[in-house]
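Beneath this line is the structure, given in structure tokens, with notes to follow.
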Amino acid sequence: MTAAVSAALAAMVAFTLVAPRLGDRLPPAAAARVLTIGSLVVAASTGFALSVLALTWLGQSPPIAWLAEWSASELDAASPVPAFVAIIGLALLSAASLRLVIRAARRGRALIDVHRAHHGTSNAVIVVDSEQPDAFTTPWPGGRIVLTSALLAALTPAEQRVVIAHERAHLRHQHAWWLLLADLAEAANPLLRPTVGVVQHAVERWADEEAALVIGDRTLVARTVARVALLRHDTNARQVAPAATGGHVPRRVQALLSARPRRQPWLTMALVLLLACSFLATFAVQRTGDALFDQVATVQDR
Amino acid sequence: MPRRTKGSLERAVQAVLSAHQEAMTTAQVRDALGGDLAYTTVLTVLTRLFDKGDIVREPVGRGYAYSAPYAPADLTARRMASLLGERDDDRAAVLTSFVDRLGPGDEHLLRSLLDR
């Protein structure tokens, strides 16, 4: 069992190290999908491995041993996991669960607030009177595109079409939910932070590429992204982002000024293979864990 | 009278206030709604609408009189504007924005890319 748990944790760590690097080289739609699903898989696998570790120690407490019908002393003798390792597992699992529950509750409340805000209108595009140039999309179901009057006033009709095409792509592919899932995986496992950063960038690139297809002019899309970012920057010069979150806009513009990204089936395969390893290791944790707890059961199955 | 959900009662109160030119007290709103609603129920709904900024109120005697000065389209725009204003981490996580804020140095890089 120790080997299986170590393998599951190693697969998780390998994913958190490799995924951001490979993800940056994948076309955006593939990167967003594979990295989000991968983040969920390794976060769940790690949670399961930690639960089994924790149970080798928790299971020795008399009430749990009695409920589960196994012998506490035999479990103590048979368990290959030292008590301190199991306790660390329990502590990590508790911290991750708490962080996940808090994050999910806060994001859930924001979702409800946003949903309530556009209650009562049927317009797909809502223009808000504001001096702040801004554009965003609210999530499915009932997602709306919100643009400010200041942004529309500053853009040419062609540039306005680019912004709307970009936001429509967010709606069509339910980008808000991919981002939310990646964000929750990161809440459960902070090692995924770089991966989730790549997912956020990939989702914007995905919408940029769709807009470029719809509009048929990559340079125009690049110029619009740059112009809107500079407009926002000029109206609100004090709001400089921390260095860690910066750098996305110039990379988007540069990517649009180069050729459309090509498919990278080999890189995608490499990530899928890594996730398959994570699956296998998790399965092994489940098998060996079951074997351990069967071995110490007071009621034998015949 | 059929049971009403919280949301449908809010909409009914909003409709009553919008239909009247003058401000209405809680008792007047309750009478206009008809049926057997409790005074406190109507007061709760009015307070909730006021807290959301959907209606306004003025002190009358010991209580308040309420009115609904905004057209439905204005109301949505007002609520959306509040999404623009208070964009905390949670809001940012559920909304997909067209562009992030710029990092240090991004401005010069972008201007040089635009000039190309």
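Note on naming: letters A, B, ... go to the chains in the order of the sequence lines (proteins, then strands), and numbering restarts at 1 for each one.
Ranked by non-hydrogen atom pairs under 4.5 Å with chain A, the options Val94(B), Thr96(B), Leu109(B) are led by Thr96(B). With chain B as partner, the option from Glu167(A), Arg227(A), Gln200(A), Arg109(A) having the largest number of non-hydrogen pairs under 4.5 angstrom is Glu167(A).
Using a 4.5 Å cut-off between heavy atoms, Ser130(A) contacts chain B through its side chain alone, with no backbone atom that close. Within the 4.5 angstrom heavy-atom criterion, only side-chain atoms of Thr148(A), from C-beta onward, approach chain B.
No side-chain heavy atom of Thr137(A) sits less than 4.5 Å from a side-chain heavy atom of Leu95(B).
Between Arg111(B) and Asp234(A) there is a salt bridge, since a side-chain N of the basic residue sits under 4.0 Å from a carboxylate O of the acidic one. Look at Asp113(A) and Arg91(B) and you find a salt bridge, because one of the NZ, NE, NH1 or NH2 atoms lies within 4.0 Å of a carboxylate O, short of that distance.
Within 6.0 Å of atom CZ in Arg103(A), more than 12 heavy atoms from other residues, nucleotides or ligands are found, so the atom counts as buried in its surroundings. Other residues, nucleotides and ligands place more than 12 heavy atoms under 6.0 Å from the CG atom of Asp31(B). Taking a 6.0 Å sphere around CZ of Arg106(A), one finds it holds 12 or fewer heavy atoms contributed by other residues, nucleotides or ligands.
Taking each heavy atom of Phe98(B) and Thr224(A) in turn, the nearest pair found is CE2-O, 4.2 Å. Closest approach of Arg223(A) to Leu114(B), counting heavy atoms only: NH1-O, 3.3 Å. The heavy-atom pair separating Leu110(B) from Ala226(A) by the smallest distance is CD2-CB, 3.9 Å. Taking every heavy atom of both residues into account, Val225(A) and Val99(B) meet most closely at O-CG1, 3.8 Å.
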